[in-house]
There are 2 protein chains.
Amino acid sequence: PGPREVWKKGGRLLSVLLAVNVLLLACTLISGGAFNKVAVYDTDVFALLTTMMLLAALWILFYLLRTGRCPDAVPYRDPHAGPIWLRGGLVLFGICTLVMDVFKTGYYSSSFGCQSAIKILHPLIQAVFVIVQTYFLWVSAKDCIHVHLDLTRCGLMFTLTTNLAIWMAAVVDESVHQAHSYSSAQSNTSHTRLAPDPQSVSLCSHAGSSVGGDSCPCDATICQIFQQGYFYLYPFNIEYSLFASTMLYVMWKNVGRLLASSHSHGHTPSRVSLFRETFFTGPVLGLMLFVVGLAVFIIYEVRVSGESGQTQQALVIYYSFNIVCLGLMTLVSLGGSVIYRFDRRAMDHHKNPTRTLDVALLVGATLGQYTISYFSIVAVVVGMPRDLLGGLNLTHALLMIAQHTFQNLFIIESLHRGPPGAEPQDTPPKEPCHGLTFANSDALHSLPACPPTPRLVDPSPAGPQEAVDITLVPRDHWRRRCLKDISLFLLLCNVILWIIPAFGARPHFSNTLEVEFYSYTLWAAIVNICLPFGIFYRMHAVSSLLEVYVLS
Amino acid sequence: PGPREVWKKGGRLLSVLLAVNVLLLACTLISGGAFNKVAVYDTDVFALLTTMMLLAALWILFYLLRTGRCPDAVPYRDPHAGPIWLRGGLVLFGICTLVMDVFKTGYYSSSFGCQSAIKILHPLIQAVFVIVQTYFLWVSAKDCIHVHLDLTRCGLMFTLTTNLAIWMAAVVDESVHQAHSYSSAQSNTSHTRLAPDPQSVSLCSHAGSSVGGDSCPCDATICQIFQQGYFYLYPFNIEYSLFASTMLYVMWKNVGRLLASSHSHGHTPSRVSLFRETFFTGPVLGLMLFVVGLAVFIIYEVRVSGESGQTQQALVIYYSFNIVCLGLMTLVSLGGSVIYRFDRRAMDHHKNPTRTLDVALLVGATLGQYTISYFSIVAVVVGMPRDLLGGLNLTHALLMIAQHTFQNLFIIESLHRGPPGAEPQDTPPKEPCHGLTFANSDALHSLPACPPTPRLVDPSPAGPQEAVDITLVPRDHWRRRCLKDISLFLLLCNVILWIIPAFGARPHFSNTLEVEFYSYTLWAAIVNICLPFGIFYRMHAVSSLLEVYVLS
């Protein structure tokens, strides 16, 4: 490795500023394209995204062909970065995105005459970008790069920004589509008393034109299939962008990082065979809920698109299922936390950018669902409807908050536990200077700034406890089984709670309570901004729970 | 100090979750009170805020009377936390807030018959809260608390949340007031072609009622004065809440922190007499701009409230002044960064929560102004007006982005420089394990996880450079003068750029370009959400530049 960087934060600052500016520009264009009165043509958005993807792909190629081949470019690899399930998920979602690109190309080419060329170019370039980026992340996710520091940081941040911009564009496009189908459903049924505001109508008419309504009719069956198909594949594209973003962020954090490469911080689990170490109750119960959830989802979708009397019924079914599921998950997460109170495994204080990011993303993404729930609660409490649906809605919102909170506590505590039967010397305190249990604090004060020696002066306060750990390992076995059961159960529940909103169930709008309370515009804005975070939360919780399962 | 906490992050997590939930509840009620169709009565918001302030004040009293008096409660004090200018500013803004509370009480009591009691109770409780909290922060801002850890964390986070909720309520109230005066200005003058959307009309009528319009007429002169007065004092209340929040956050970060208390990391500047070490050009030029800015602000306010032909002229004056000011600031910041390229003072790698927070707040608050600027740029570029105002607007938006970027780079680099003539042993690397310049990396790999010894194996790579530092100190003197000039100039410019928007200049709405492009609702939402961050940025930049001035 070359000489150490003088000021790492300075190098990071530049790339963050670049990313922030590019992201805001993209954000402005995308939201301008969706909401303004005058036209920011969606071709502008497509052109911007295409340019960004081209530039990012070029940088990735430069990295693979030049930076990565410099001598000593990658002296260390971060063992925590890019675990196999993340990279596997990336490849899976990448393939789905490629299928979506095929559908998009087909859709736009079937009305080739009246569409601009950029709309066909965009999915093609996106396919190239996805292939290049997936290969890049597959081979380089663990790299700690030590050459071309500033260029690599800027390149990584730019690629990250590109993914976020694609994510935003997909979310906005999907919301507009949703609003479009909502307003057409409203005008089909007898719900005319709920006339949407002028704002939302203009949004919907815009949606119509962006979906291809007026100028480019999409009447052929093949075109309809393409259109339907690519809207159903959007959730995968969204997840692909977010997965890629998290991996790029970890790579960015690892640029210029120095690691003792021979030491991999434990945590390389022996390849246990799946399910052998569980009591089977967790996965079985989880699978049952999963199947029931799928059935509820199908019933809900069928009934909501039917008559209005059935909507009521569908909502009752939907909320009842969710309340049962969320209640069980809350109890199970609480149980997990209780088990940890009796568990004496040491906490893992190693520096670990991947885990820090995981925790931040979990807590951050929770805000989305929290916001929706609090708005529901205020609407129910202040609006005071005296019917069954109001009560169900309130219970659902409260349980949603409880479930997110306790599941987060469980997952975060799990991620910070050391491996079972960890050796004592594997867990030095994280802050060697400040984080000491001083046997004699006066002795410290006479020492210079950051004393290197007293770290091992008196290991006795930690010693006895860790000795207990080792002797307890055999007796801990049923606890590990319980934890594995819990994580599998939560995992399956999160998967079904991901599927239901990701594939288009929107009880937030079928249930007229909040729409009437806040007006359609405000409520749609809240739901369309916050729900993607809620969906991402489920996805991310699944990958974290998988890690908890493997590690516990 | 008691035994060391096993898992600090766990303790923090609980208090963060508490804060997030309370904050979201407050946020929902406040925004519901401002925007919804059905009434969330503003008395609900007042009741919530009053309860929160009471609870926070009770906890503060508990802290001062019980927690703070435990033996060994505060074994260390963080020398960086609560510097004198921050505490001074807090007291100053606190006094202004008390005056505002007097005005509010007067305003609500003058229409006592038709107002609910909570509206008079609210400013009184707020006055008590401000007094208790200011005293608390004055005496305890530097504490590193080591007893009642969880309770103290939750208490601090709850108080922080209370301040943020007050801040949000103030910002929303001010925006509603702004929208109200905008719409009445629109209906007074001949601008009827710009009829606001129904949404904004309902918002304005709501504003009318919350300001006291319909049910409670405010016709007496004394009542009018009270009302005007408290709206002019809002900016101080907003700043008070934000100052208190940052200090509380630093206290929260310091809970349970272990410091070598005798060592104060240098950075205690000798009390230099003001201005002695400058070339005077900075302060003089800054003062000139400050005075010109004040004149421009007054001219702008007078003309904009006049006829529509004069609005045009006022905007040209406003934009011209801003372009000159921002241009100079950009150049000066760039100059400062160039000086640092030749400056060989060591970077300060000490852990310092106050500084980390300062940097995060600077970069975070910048996003507000960035967003407004990017929306302006898109509106001008896509809307393509071919007149003088469009050009000025575009230049202004671009310079705004450049100025924020370069000023941030300058301030952040300044804050990370060590004190002039720092001694070499004062700057050990921040990450003792990873942050080494390895003389022999093979030797490291054979060592255990975090080797305590090799830190001083080979100090030679850093040695010669720091020796140069010491010999350069006398020659660095003109650089220090330049830096002091630069920081004073930027400080004064930031003050004037704070005053203009904080006291109500809104060229964003006088200039009809964006309003026409995005519709009034969307543009008002963008400006009203982002501008408070922009204003806070100026305030925060001033305090950071004061620190830069003192330290350089």
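- A pairwise comparison of heavy atoms in Leu24(B) and Tyr374(A) identifies CB-CD1, 3.6 Å as the closest pair.
- Between Leu17(A) and Tyr370(B) there is a side-chain heavy-atom pair separated by less than 4.5 Å.
- Using a 4.5 Å cut-off between heavy atoms, Ile412(B) contacts chain A through both its backbone and its side chain.
- At a 4.5 Å heavy-atom cutoff, the contact between Leu13(A) and chain B is made by side-chain atoms alone.
- Interface remark: Ile401(B) contributes side-chain atoms only to the contact with chain A (heavy atom separation under 4.5 Å).
- Using a 4.5 Å cut-off between heavy atoms, Val359(B) makes no contact with chain A at all.
- Among Asn21(B), Thr371(B), Ile377(B), Thr366(B), the residue with the largest count of heavy-atom pairs under 4.5 Å with chain A is Asn21(B).
- Distance check, rounded to the nearest 0.5 Å: NZ of Lys9(B) to CZ of Arg355(A) gives 5.5 Å.
- Atom CD1 of residue Ile526(A) and atom OG of residue Ser31(B) lie 6.5 Å apart, to the nearest 0.5 angstrom.
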